[in-house]
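Down below is the structure, laid out as structure tokens.
Throughout, residue positions are numbered sequentially from 1 according to the sequence presented. Just the heavy atoms: all of them, side chains too, but no hydrogens, waters or symmetry mates, feed the values below.
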Amino acid sequence: MIPVVLVGLCLAVQPPADWPFERIHGVEYAHGTWVAGGLRGLGIKRPNQPWEIISKNAVRQTARLGHDIYVLYGNGAVDKLDVKADRLYFDVLYERAKRPWTSVVRVCADQVLFGGHGGWTAKSGDRLREFYPSELAGETVTAIDMTADGATWVGTQRQGLFRFKQGKPEKFGIAKGLPDTWVTGLSVARGQLFAGTASGGLVAFDGGQFRRVDSPSLRVRSLTTVGGRLVVGTLEGTWLRGESGWQTLGDEETTCVSTAGGQLWLGEPGGLRRGARSE
């Protein structure tokens, strides 16, 4: 592993000396509380307290907006943990959305996007907006993100990418540069949108279509932007895209990438470890 310094992160808290279980799929920190979710459930660690397991349901992903931490379970339900109030809200979309089953969660600026079957839900404050365009009928949303021009980009498992801007959809598939129509990750780094695919590596949006970019692995599983730089998680390891090329952060399968507590964390089958330190 190559030591990497990431500008923009500032470690201000002491991380736990242990973690509640192996194979963690998400870790967050807010208001003195650590939250970790994985195959064996959801654990929280309050200040000066041991880990408490509050759910034994498998966790697929976590995402934080302010003091709210959203927990996506393997069954498609989403809980919200308000760590400031020390309160857990169960299945926050149930009976509030027409299709509450969720496949991916993404925080974009001041809102949370929940991708699901045939569309997505956007939550901003207490307001929920649902989008089920005909172009996504029968599709599962596997990745979702927004760009500075207000466009929502939606990746699917079979039909590639869709861009929804001002209510107008546009499809991007093999003919527009995708090497694989199973999109596994989306992220904006330094103003440019990148997409990861299940077996075709990485592409970048450029000039109205996508172009292939050098990828450390063809089997991309997640994309994250840290300190303005792209971090790609794959079945073979984790890499950061620097000025001089790809820098290795980890050489095992990536289960999650997080910046909890101002520190970059890498999830791997054997547990969680620090991937880099800030200046």
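- Without hydrogens or angle criteria, Trp265 side chain to Ala260 main chain gives a donor-acceptor distance under 3.5 Å.
- Remark: side-chain polar atoms of Lys80 are not paired, donor with acceptor, to backbone N or O of Asp82 under 3.5 angstrom.
- At distances below 3.5 Å, not a single donor-acceptor pair connects side-chain atoms of Ser215 with backbone N or O atoms of Gly201.
- When side chains are defined from C-beta on, Arg106 does not count as touching Val112, because their heavy atoms never get closer than 4.5 Å.
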*May I have the step-by-step check of ring pair (Phe, Tyr, Trp, His ring centres under 6.0 Å) for Phe205 and Phe172, ending in yes or no?*
CA-CA 10 Å; Phe205 188 61; Phe172 295 84; 5.5 Å; yes

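- Distance check: Thr142 OG1 to Leu186 CG gives 7.5 Å after rounding to the nearest 0.5 Å.
- Across Glu268 and Gly250, no two heavy atoms sit closer than the pair OE2-CA, 4.0 Å.
- Thr156 places none of its side-chain heavy atoms less than 4.5 Å from the side chain of Leu161.
- At a threshold of 4.5 Å between non-hydrogen side-chain atoms, the residues Glu130 and Arg96 do not count as touching.
- With rounding to the nearest 0.5 Å, the separation of CG in Asp91 from CG in Asn75 is 7.5 Å.
- Counting non-hydrogen atoms of neighbouring residues, nucleotides and ligands closer than 6.0 angstrom, the OH atom of Tyr89 exceeds 12 such neighbours.
- A donor-acceptor contact shorter than 3.5 Å is absent between the side chain of Glu28 and the backbone of Trp34.
- In this structure the side chain of Trp246 never reaches within 4.5 angstrom of the side chain of Leu240, judged on heavy atoms.
- The two residues Ser55 and Asn57 make their nearest non-hydrogen contact at OG-N, 3.1 Å.
- A salt bridge links Lys176 with Glu170: at least one charged nitrogen is closer than 4.0 Å to a carboxylate oxygen.
- Atom-to-atom distance recorded for Phe210:CZ and Leu202:CG is 11.5 Å, nearest 0.5 angstrom.
- Ser199 places no side-chain N or O within 3.5 Å of a backbone atom of Thr197 that could act as its donor or acceptor partner.
- Phe90 and Leu42 end up in the same hydrophobic cluster when Ile, Leu, Val, Met, Phe, Trp and Tyr side chains are linked at under 4.5 Å.
- In the hydrophobic cluster analysis, where Ile, Leu, Val, Met, Phe, Trp and Tyr join through side-chain heavy atoms closer than 4.5 angstrom, Trp239 is grouped apart from Val188.
- The pair Glu52-Arg46 counts as a salt bridge, with a side-chain nitrogen and a carboxylate oxygen less than 4.0 angstrom apart.
- Inter-residue side-chain proximity for Lys45 and Pro50 is flagged as unmet; no heavy-atom pair is nearer than 4.5 Å.
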*asked:* Quick one, Lys165 with Asp149, criterion side-chain contact (heavy atoms from CB on, under 4.5 Å). Give me CA distance, side-chain angles, the key distance, then yes/no.
replied: CA-CA 8 Å; Lys165 186 177 181 180; Asp149 61 356; 3.3 Å; yes

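- The main-chain N or O of Gly66 is found under 3.5 Å from a side-chain atom of Arg64 such that the two form a donor-acceptor pair.
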*Would you check, one step at a time, whether the test salt bridge (Lys or Arg N to Asp or Glu O under 4.0 Å) holds for Glu243 with Arg229?*
CA-CA 9 Å; Glu243 297 293 341; Arg229 298 183 182 183; 5.3 Å; no

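- A donor-acceptor pair under 3.5 Å is absent between the side-chain atoms of Thr225 and the main chain of Leu230, judged by distance alone.
- With respect to Lys171 and Glu135, no salt bridge is recorded, no charged nitrogen being found less than 4.0 Å from a carboxylate O.
- Here the rule is ring pair (Phe, Tyr, Trp, His ring centres under 6.0 Å) with Phe114, and of Tyr94, Tyr70, Phe131 only Tyr70 fits it.
- Placement of Ile144 and Leu223 in two distinct hydrophobic clusters is found when ILVMFWY residues are connected by side-chain heavy-atom separations under 4.5 Å, directly or transitively.
- In terms of hydrophobic clustering, with Ile, Leu, Val, Met, Phe, Trp and Tyr side chains grouped at heavy-atom distances under 4.5 Å, Trp101 and Tyr73 are assigned to different clusters.
- The backbone N or O of Val105 sits less than 3.5 Å from a side-chain atom of Gln61, completing a donor-acceptor pair.
- Between Glu253 and the options Arg221, Arg23, Arg219, a salt bridge (charged side-chain N to carboxylate O under 4.0 Å, His left out) holds for only Arg23.
- For CH2 of Trp19, the number of neighbouring non-hydrogen atoms (other residues, nucleotides, ligands) closer than 6.0 Å is greater than 12.
- Considering all non-hydrogen atoms of both residues, Pro269 and Thr255 come closest at N-CG2, 4.0 Å.
- Contact annotation: the side chain of Pro179 approaches that of Val203 to within less than 4.5 Å [non-hydrogen atoms, C-beta and beyond].
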_The test is side-chain contact (heavy atoms from CB on, under 4.5 Å); show your working for Glu22 and Arg40 and say whether it passes._
CA-CA 8 Å; Glu22 297 179 344; Arg40 292 172 53 193; 5.6 Å; no

*Audit row: Thr238, Thr254, side chain to side chain donor-acceptor pair (under 3.5 Å) steps and yes/no*: CA-CA 6 Å; Thr238 312; Thr254 307; 2.6 Å; yes

_Check against side-chain contact (heavy atoms from CB on, under 4.5 Å), Leu72 and Val59_ = CA-CA 6 Å; Leu72 171 60; Val59 173; 6.0 Å; no

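- Looking only at side-chain heavy atoms (C-beta outward), Leu249 and Leu266 come within less than 4.5 Å of each other.
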_Audit row: Val13, Tyr29, side-chain contact (heavy atoms from CB on, under 4.5 Å) steps and yes/no_ = CA-CA 9 Å; Val13 298; Tyr29 176 85; 3.2 Å; yes

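- Contact record, Ala122 with Leu113: CB-CD2, 3.7 Å, taken as the closest heavy-atom pair.
- The shortest heavy-atom contact between Val232 and Pro216 is CG1-CG, 3.8 Å.
- Counting non-hydrogen atoms of neighbouring residues, nucleotides and ligands closer than 6.0 angstrom, the CZ atom of Arg127 reaches no more than 12 such neighbours.
- Taking the side chain as every heavy atom from C-beta outward, Thr234 and Ser222 never approach each other to under 4.5 Å.
- By the 4.0 Å N-to-carboxylate-O rule, Glu139 lies close enough to Arg158 to be salt-bridged with it.
- With hydrogens and angles disregarded, a donor-acceptor distance shorter than 3.5 Å links the side chain of Ser103 to the backbone of Gly115.
- With rounding to the nearest 0.5 Å, the separation of OG1 in Thr33 from CD1 in Ile44 is 6.5 Å.
- The aromatic ring centres of Phe164 and Trp153 sit 6.0 Å or more apart.
- Closest approach of Thr62 and Gly26 over heavy atoms only: OG1-CA, 3.2 Å.
- The backbone N or O of Val220 lies less than 3.5 Å from no partner atom in the side chain of Ser217, so there is not a single donor-acceptor pair.
- Transitive grouping of hydrophobic side chains (ILVMFWY, heavy atoms separated by less than 4.5 Å) keeps Val107 and Met146 in distinct clusters.
- Of the inter-residue distances, the one linking Asp180 atom CG with Ile174 atom CD1 reads 6.5 Å to the nearest 0.5 angstrom.
- Rounding to the nearest 0.5 Å gives a distance of 5.5 Å between OG1 of Thr152 and CH2 of Trp120.
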